[in-house]
Amino acid sequence: MPNPAGSFIWYELMTPDPQAAKAFYERVFAWTIEAEASGAIDYRMIATPGGHVGGVLTLTPEMIAGGAGAAWVGYLNVDDVDAAVGTIAAAGGRTLMPAHDMPGVGRFALVTDPQGAVFYLMRPTPADPNDTSSVFAPGTLGQVAWNELSTSDQAAALDFYGRLFGWTFDERLNMGPTGDYAFIDHQGTVLGGVMQQEVPPAWLFYTQVADVDAAAAAVGAGGGTVILEPTPVPGGGRVIVARDPPGAMFGAVQGA
């Protein structure tokens, strides 16, 4: 069956140096990233033993001059991109890239939520109507296992994403002075969590690894920076948060 609306269906690394990104992430996650772009746009697919996890978009000087920077961005499936863009604008979000079509791929737009976290909206055009994206696959090595939103206004973010994507947030974890960690439930699947933090609002994506200590070491050896050293999380797992050399933030999780 196709992915329901509100699913994460793709992840994209925006970077000024795709060759450096290839060397770095293949070291950290054992991914295979295309050495060269296959089309007019410099876009390179990321493959894992379990399938694709996303792609690498090369930032051009024009994009950088326009304010784009190194970052990981998630794609969320919607039934109608244009309607979703309108809903987001009415709620106080922004459109960074207007809705447009890519033949054979789908229609998409780059937007922000009202607090400023960036994400894509997408209505894919699959070759088979029953095609399903498996880029979000908890427990599968090399695939994204957790999607985490840090926001400046958790209550407003929960209302926004709940109305836009039908997510619910009934399960909470008390984190003391910082408030509750709200788990994202999407039709019975836990996608990740939302927490309030005094940082620029952003989504962070955690990739499943066999050994989070080895991943942390690979980050350092590759010229990146570990922001959060290996740390236990509820459920028995351990995580790191890191930054690649150009500055894109990402996470890794072992277990859980």
Side-chain angles (χ1 to χ4, degrees), residues 8-38 42-59 64 68-75 117-120 133-150 191-193 197 199-200 202-233 235-256:
F8 280 95
I9 57 172
W10 198 248
Y11 299 97
E12 182 174 281
L13 172 65
M14 298 179 177
T15 184
D17 190 339
Q19 291 293 1
K22 173 179 170 64
F24 178 80
Y25 285 101
E26 288 186 346
R27 176 195 294 263
V28 175
F29 292 135
W31 289 342
T32 300
I33 300 176
E34 288 182 314
E36 297 180 355
S38 55
D42 194 339
Y43 201 91
R44 309 178 188 204
M45 305 297 283
I46 304 170
T48 74
H52 286 108
V53 71
V56 177
L57 172 66
T58 301
L59 294 173
I64 295 170
W72 279 98
V73 186
Y75 283 68
V118 178
F119 60 96
Y120 280 102
S133 168
S134 59
V135 296
F136 174 66
T140 302
L141 293 179
Q143 303 291 116
V144 173
W146 197 255
N147 308 282
E148 185 173 82
L149 174 65
S150 295
L191 300 180
Q197 283 195 320
V199 297
W203 281 97
L204 182 69
F205 309 108
Y206 291 80
T207 297
Q208 191 84 35
V209 296
D211 186 335
V212 79
D213 297 285
V219 168
T225 304
V226 177
I227 307 301
L228 176 69
E229 296 288 344
T231 300
V233 292
R238 298 169 70 228
V239 302
I240 61 169
V241 175
R243 182 184 293 118
D244 70 14
M249 299 282 291
F250 65 95
V253 56
Q254 171 189 338

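Both backbone and side-chain heavy atoms feed into the values below; hydrogens, waters and symmetry mates do not. Residues take their numbers from the sequence shown, with the count starting at 1.
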Verdict with supporting geometry, Trp203 and Val118, side chain to side chain contact (heavy atoms under 4.5 Å, CB included): CA-CA 7 Å; Trp203 281 97; Val118 178; over 6 Å; no
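Scored by the side chain to side chain donor-acceptor pair (under 3.5 Å) test, Gln143 finds Thr48 as partners (sequence neighbours excluded). Residues forming a side chain to side chain donor-acceptor pair (under 3.5 Å) with Glu26 (at least two apart in sequence, or on another chain): Lys22. Looking at residues two or more places apart in sequence or on another chain, you find a salt bridge (Lys or Arg N to Asp or Glu O under 4.0 Å) between Arg44 and Asp42. Asp213 pairs by the salt bridge (Lys or Arg N to Asp or Glu O under 4.0 Å) definition with Arg238, not counting sequence neighbours. Applying the side chain to side chain donor-acceptor pair (under 3.5 Å) test to Thr140 and every residue at least two apart in sequence or in another chain returns nothing. Partners of Phe136 according to the ring-ring contact (aromatic ring centres under 6.0 Å, His included) rule, which considers only residues two or more places apart in sequence or in another chain, do not exist here. Under the rule for a salt bridge (Lys or Arg N to Asp or Glu O under 4.0 Å), Asp211 has no partner lying at least two apart in sequence or in another chain. Under the side chain to side chain contact (heavy atoms under 4.5 Å, CB included) criterion, Val135 pairs with Trp10, Tyr11, Ser133, sequence neighbours left out. Shown here are the side chain to side chain donor-acceptor pair (under 3.5 Å) partners of Gln197, two or more places apart in sequence or in another chain: Ser150.
You'll find the side chain of Ile33 reaches within 4.5 Å of the side chain of Val56, heavy atoms only.
The salt bridge (charged side-chain N to carboxylate O under 4.0 Å, His left out) contacts involving residues 140-150 comprise nothing, where partners must be two or more places apart or lie in separate chains.
Across Leu228 and Val239, no two heavy atoms sit closer than the pair CD2-CG2, 4.1 Å. The two residues Leu13 and Ala21 come nearest to each other via the heavy atoms CD2-CB, 3.8 Å. The minimum heavy-atom distance linking Leu149 with Ala117 is given by the pair CD1-CB, 3.6 Å. In terms of heavy atoms, Ala252 sits closest to Val212 at O-CG2, 4.0 Å. Across all their heavy atoms, Gly142 and Val53 have their closest contact at O-CG2, 3.9 Å. Residues Gly251 and Leu204 share a closest heavy-atom pair of N-CD1, 4.0 Å.
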Identify each donor-acceptor pair in which a side-chain atom of residues 240-248 lies under 3.5 Å from a protein atom, sequence neighbours left out, and give them as a table.
from   : atom 1 : to     : atom 2 : distance (Å)
Asp244 : OD1    : Gly247 : N      : 2.9
Asp244 : OD1    : Ala248 : N      : 2.8
Asp244 : OD2    : Tyr25  : OH     : 2.7

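Summarising the geometry, atom OG1 belonging to Thr32 is positioned 10.5 Å from atom CD1 belonging to Ile46; distances are rounded to the nearest 0.5 Å. For the atom pair OG1 (Thr58) and CD (Gln19), the distance works out to 8.5 Å, reported to the nearest 0.5 Å.
The ring pair (Phe, Tyr, Trp, His ring centres under 6.0 Å) with Phe250 is formed by just one residue from the set Phe29, Trp146, Trp31; it is Phe29.
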